[in-house]
Amino acid sequence: MAIGERRTGADPANPRSGTTIPAALDILEPGTAVDGPDAVADCDVAVPRTGAGTALDPASDAPDAPAAVELDPLDPVAIRRDFPVFERDFGGRPVAYLDTAATSLKPRSVIEAVDGYNTRYTANVHRGIYRMGEEATAAYEAAREKVGRFIGAPDRHEIVFVRNATEAINLVAATWGRKNIGAGDTIVLTELEHHSNLVPWQFVAQEKDADLEFVPIDAQGRLVQDAFDALLRTKPKLVAFTHVSNGVGTINPVRDMVDRAHAAGALVLVDGAQAVPHMPVNVAGLDCDFYAFSGHKALGPTGSGALWARRELLEAMPPYMGGGEMIREVHLRSTVYNDVPWKFEAGTPDIAAAIGLGAAVDYLTALGMDRVREHERLLTAYALDTLARGVPGLTLYGPRSAYQRGGVVSFNLPGVHPHDVATLLDREGIAVRAGHHCTQPLHERLGEAATARASFGVYSTTDDIDRLVAGLRKVQQLFA
Amino acid sequence: MDDLYRAEILEHYRHPHNFGSLDHPDVVQEGSNPLCGDRLTLMLDIDEQGRVDEVAFTGRGCAISQASASMLTDLIRGKQLSEVAKIGRKDIVDELGIEISPARLKCALLSVDTLRRALEDRVTWQAETEEEPA
């Protein structure tokens, strides 16, 4: 596939030959070939763009633009009618919710799906030989099927329901990791990682006396691909990195990195928490080995999330927790485990949340993930532009081009702590995150203890961003 | 927008009192608030009569945490430790004189919590209710 090919800059035989960061940049080249209309495999590439003249599309974003593909834009005003939280009054206006990277708002269809389970067919799954039990099981397994299709899993048995991406990564670390990582082995991570894709590997490394290595970032928060190649020459057992950075928004060239990691003999885990809700993701096309994401960031209920892994890996992995559901036969001193994925779902799962996630996936599928991505890219470009122009002195972190970043914009007002920024914005009904966003090493790298972060979703509008800009100007005046 | 950030608080933030270091402090205590990344280093000179002879702090953080440290150091400078022991969380919140949301309370209390740890060997702190002040 064209999208997996190595591109300009780095000579494979001499990874130090490129001085720039080609792999991060060249995913943006116009006209990058994709294998036909179904090839959403690498969403890094399959990012079409609306035609020129779109009001949201600042000219500054044009040089990076991929091949033009006309997309019917999302109508966030109509979408907002599906989210009851916008009916709540915040000083005469609805909330300007700019913290979707932490958790998304929930559409009515998801709320109703959860309610439906709790009001009409409340029963445990895979147990009851009665109608409600069968209905609950059918709905729970249908949600698995939907989630699998949504992320391009070849087999629904490869979808393990978990509470969130954190649990998915801990599951892999505690099972595959403890079984396969030994003394002196290397695990390659990156400086972008959320604590959830760092601390579980610290556990494994400490227990097994293994080494952790980190791919550094450049000044725009993009992975230095030459350094990644150098680390791959140490023959790591595992490479684990985020698809999209929750701290600075960087979209990593996943397929390209997976191919190089595989060539070096490593397995690859991708943290998709900030990708699945916001862009087309196809795990088969990415060719990774493990893919983790949270449902609650993707319009689903809290307590929903999934781990995808290749079936042969799941089958070879020891179980995570012991208990009901994960067993086939239990004797006093031995147990035969259940088939995958149920081997990893000990105890009564969060049935309502899984069913709600199924409804969320339906909602996003109906919108079209390519349109969702385009909507958020335009918003991100608009935010980068209006913040830079409208708030003098504002420091923005991360890639300058919206083509290189998800709907995440982190910033600081010089002389004002981001917690003060967030508190003052809250008084205007604007919800932003302030802190290190569970990426403390990334913030150390940026030289900041904390940043403020605005992040977008399907319901976000340019009005939200205009309110943010006006709010930041007020903060500036107060602290002037 | 600005009732939380009344002028006095902003003034303490812009020009904190007792900001800096002591050459040979008798007590040094670091405190941090991992949620915000607020950091505080509190330094105290205590004379033979058990009096806070000199006090200084360094650190970085939000306006609430820095103003709180500035005000607290003013409050304890020159005081006997027996008097300092009576200072509680409620006092510093009263000193700030603003309504503080639960999410920001840790910022307001970082200074007094750090002071309490700094002097835990020298002072029997007066009992404080388990409840955090509202």
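The chains referred to below are lettered A, B, ... by the order of the sequence lines, with proteins before strands, and numbering in each begins at 1.
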State the NE2-CZ distance between A:H417 and B:R60, to the nearest 0.5 angstrom.
8.0 Å

Hey, could you give me the CG/OH distance between A:D420 and B:Y13, rounded to the nearest 0.5 Å?
6.0 Å

Minimum side-chain heavy-atom gap A:H419-B:D38 below 4.5 Å
no

Is it the backbone or the side chain of A:V416 that comes under 4.5 Å from a heavy atom of chain B, or both, or neither?
backbone

Count the heavy atoms of every other residue, nucleotide or ligand shown that sit under 6.0 Å from [atom1] of [X], and state whether that count exceeds 12.
{"X": "A:R445", "atom1": "CZ", "value": "yes"}
{"X": "B:R14", "atom1": "CZ", "value": "yes"}
{"X": "B:R39", "atom1": "CZ", "value": "no"}

I'd like to know which of B:C107, B:S101, B:G61, B:S65 tops the heavy-atom pair count under 4.5 Å against chain A.
B:G61

Which answer fits B:I64, side chain, backbone, both or neither, if we ask what part of it has an atom under 4.5 Å from a heavy atom of chain A?
both

Below 4.0 angstrom, N of the basic side chain to O of the carboxylate: do B:R104 and A:D426 qualify?
no

